[in-house]
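All remarks here apply to the structure that follows.
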Amino acid sequence: MSDLLSTFAQRIVDWQVSHGRHHLPWQNTTDPYRIWLSEIMLQQTQVSTVLDYYERFLTRFPTVQDLAAAHQDEVMPYWAGLGYYARARNLHRCAQTIQQHHDGQFPTDSRVLVTLPGIGPSTAAAIAAFSVGERAAIMDGNVKRVFCRYFGVYGPTHLRATEKQLWHLAHQALEQAPAKLNMRAYTQGQMDLGAQICTRGQPDCQRCPLQQGCYALAHQAQGELPTPKPRTQQAERSCHMLIWQQGNQILVEQRPDQGIWGGMLSLPQFETEADLAQFLTHHGTSLQQAQKMAELTHVFSHFKLHITPWLVHKPMAFYEPKPDERWLASEQLATAALPAPVSKLLAALAFDFTP
């Protein structure tokens, strides 16, 4: 094992310098705010998707002080469509914590960073490594795959025992690495290797700098590692959404901070058709006067949501919106914090909501 660990980090550094990614907008900066933003956006999200969001977010909130000063309602539209909206709420909370408890100065020590909202050990280490070159180990999804294959670690990576073993190896690799290891290249190289070479489906082992000593390559176990999670049937839920249109306005409601689409604007939602019918009857119309639209299925990480939309054109000017409701004009859709499926539904009505 010692032989495997002794050259592990330096081989990744050498490869990253020559063959890794160097063109991404959050690279070649030591600003911990920009590094942090990219790390949070890249969680569970492809680089190609993040690129536009990253630039747009920084244009609106160029510093952590700007983000802290904004209201959450101002922040959410710049996250709409990225999903996993708890990340955006934690992002805002983290900025406010930095403003209040760190005098607006973004910490660069991983031991401090990990105490902030929404920042786990791997993200803290990445921010510290990229901003000040701290010798700290990371362990995100791509990196887990590299370690599992190279060192032959079996067991689903979401299990505590497996994760503990991977973290132990990550710390050992750093302990045995050269004293002057390029931490920025090593940290980026692990991510690049998992994203470009040691991919989930078809790893390009012939171009991998870790060919020599790789357990998975030697045992042809690339398809077995990392150990797949046991297959479980994905839960399914259903709901009905009301598209209540009056002129160029749509009725929307703000979702609670907890739960799916937390803090976002969405369409009024009903668990059953009977609940929707009762609401419409109470406000002077009926389900028979509503237009039932094609069902839309939205897939979350842990369940599928089947949405049945109903369109109502009938004016009900007397309706007094509740505190969490508002009428949204079509020209406001471009800056509204709408979840992706809601945007799709409104797009079907020819509303222009593209940011």
Side-chain angles (χ1 to χ4, degrees), residues 52-53 56 60 71-85 88-89 235-300 303-355:
D52 288 342
Y53 280 92
R56 192 160 56 241
R60 175 60 182 83
H71 191 276
Q72 182 175 291
D73 287 351
E74 299 176 77
V75 177
M76 298 307 289
Y78 290 86
W79 204 273
L82 268 181
Y84 300 94
Y85 295 106
R89 297 194 299 275
E236 300 194 30
R237 304 179 191 173
S238 61
C239 71
H240 298 262
M241 285 189 176
L242 173 61
I243 306 173
W244 184 354
Q245 183 180 355
Q246 293 200 119
N248 72 331
Q249 294 184 316
I250 295 288
L251 183 68
V252 295
E253 61 180 15
Q254 181 140 26
R255 304 278 299 192
D257 280 350
Q258 302 303 316
I260 63 170
W261 303 326
M264 305 288 284
L265 292 176
S266 187
L267 296 168
Q269 184 172 318
F270 304 86
E271 291 300 311
T272 67
E273 190 173 303
D275 292 337
L276 172 61
Q278 184 179 17
F279 174 86
L280 293 175
T281 300
H282 183 70
H283 295 290
T285 186
S286 67
L287 197 65
Q288 288 69 34
Q289 292 176 291
Q291 178 186 341
K292 187 177 183 180
M293 299 174 65
E295 183 182 281
L296 173 69
T297 298
H298 187 72
V299 180
F300 293 89
F303 72 95
K304 291 181 181 178
L305 180 64
H306 302 287
I307 303 168
T308 301
W310 297 80
L311 176 62
V312 173
H313 290 289
K314 184 177 180 180
M316 291 183 274
F318 62 89
Y319 181 73
E320 184 69 28
K322 299 173 185 175
D324 59 347
E325 295 177 335
R326 69 182 77 165
W327 289 105
L328 194 67
S330 58
E331 59 269 21
Q332 296 176 292
L333 294 174
T335 56
L338 299 171
V342 173
S343 294
K344 289 179 183 178
L345 290 176
L346 297 183
L349 298 176
F351 280 106
D352 180 12
F353 60 90
T354 306

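On a predicted model such as this, the values are computed, not experimentally measured, just so you know.
- Using a 4.5 Å cut-off on side-chain heavy atoms (C-beta onward), L346 and S343 make no contact.
- Ring planes of F300 and H298: perpendicular class, angle over 60° (limits at 30 and 60°).
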Step by step, work out the side-chain contact (heavy atoms from CB on, under 4.5 Å) result for E271 and S238.
-> CA-CA 7 Å; E271 291 300 311; S238 61; over 6 Å; no

Would you check, one step at a time, whether the test side-chain contact (heavy atoms from CB on, under 4.5 Å) holds for L267 with E253?
-> CA-CA 6 Å; L267 296 168; E253 61 180 15; over 6 Å; no

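- Proximity of a side-chain donor or acceptor of Y53 to a complementary backbone N or O of A80 within less than 3.5 Å is detected.
- Side-chain contact check for L338 versus M264: every heavy-atom pair is 4.5 Å or farther apart.
- Under the 4.5 Å side-chain criterion, counting only non-hydrogen atoms from C-beta, Q72 is in contact with R89.
- Under the 4.5 Å side-chain criterion, counting only non-hydrogen atoms from C-beta, L280 is in contact with L242.
- Taking 4.5 Å as the limit, every side-chain heavy atom of H306 sits out of range of all side-chain heavy atoms of T308.
- Between A336 and P77 the shortest heavy-atom distance is C-CB, 3.9 Å.
- Put simply, the side chain of P268 reaches to within 4.5 Å of the side chain of F270, judged on heavy atoms.
- Taking the six-membered ring where the residue is Trp, W244 and F279 present perpendicular rings, their angle passing 60° and hence far from 30°.
- Rounding to the nearest 0.5 angstrom, the gap separating the CG atom in L328 from the CG atom in L251 is 9.5 Å.
- You'll find the side chain of L287 reaches within 4.5 Å of the side chain of W310, heavy atoms only.
- The shortest side-chain heavy-atom distance between Q254 and R326 falls under the 4.5 Å cut-off.
- Nearest heavy-atom pair across M76 and A88 is SD-CB, 3.9 Å.
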Are R255 and I260 close enough, and set up right, to give a side-chain contact (heavy atoms from CB on, under 4.5 Å), and what steps lead you there?
-> CA-CA 8 Å; R255 304 278 299 192; I260 63 170; 3.4 Å; yes

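- More than 12 heavy atoms of other residues, nucleotides or ligands shown are found within 6.0 angstrom of CD on Q289.
- The line from CZ of R237 to OG1 of T297 is 14.0 Å long, rounded to the nearest 0.5 Å.
- Between the CD1 atom of I307 and the CD atom of E295 there is a distance of 9.0 Å, given to the nearest 0.5 Å.
- A salt bridge links R60 and E74; the closest N-O separation between the charged side-chain nitrogens and carboxylate oxygens is under 4.0 Å.
- For the residue pair Q269 and H240, no side-chain donor N or O sits within less than 3.5 Å of a side-chain acceptor on the partner.
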Going through the checks in order, is the side-chain contact (heavy atoms from CB on, under 4.5 Å) test met by L296 and M241?
-> CA-CA 10 Å; L296 173 69; M241 285 189 176; over 6 Å; no

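- One finds the OG atom of S286 at 14.0 Å from the CD atom of Q278 (value rounded to the nearest 0.5 Å).
- Here the side chain of W261 pairs no donor or acceptor atom with the backbone of L265 at under 3.5 angstrom.
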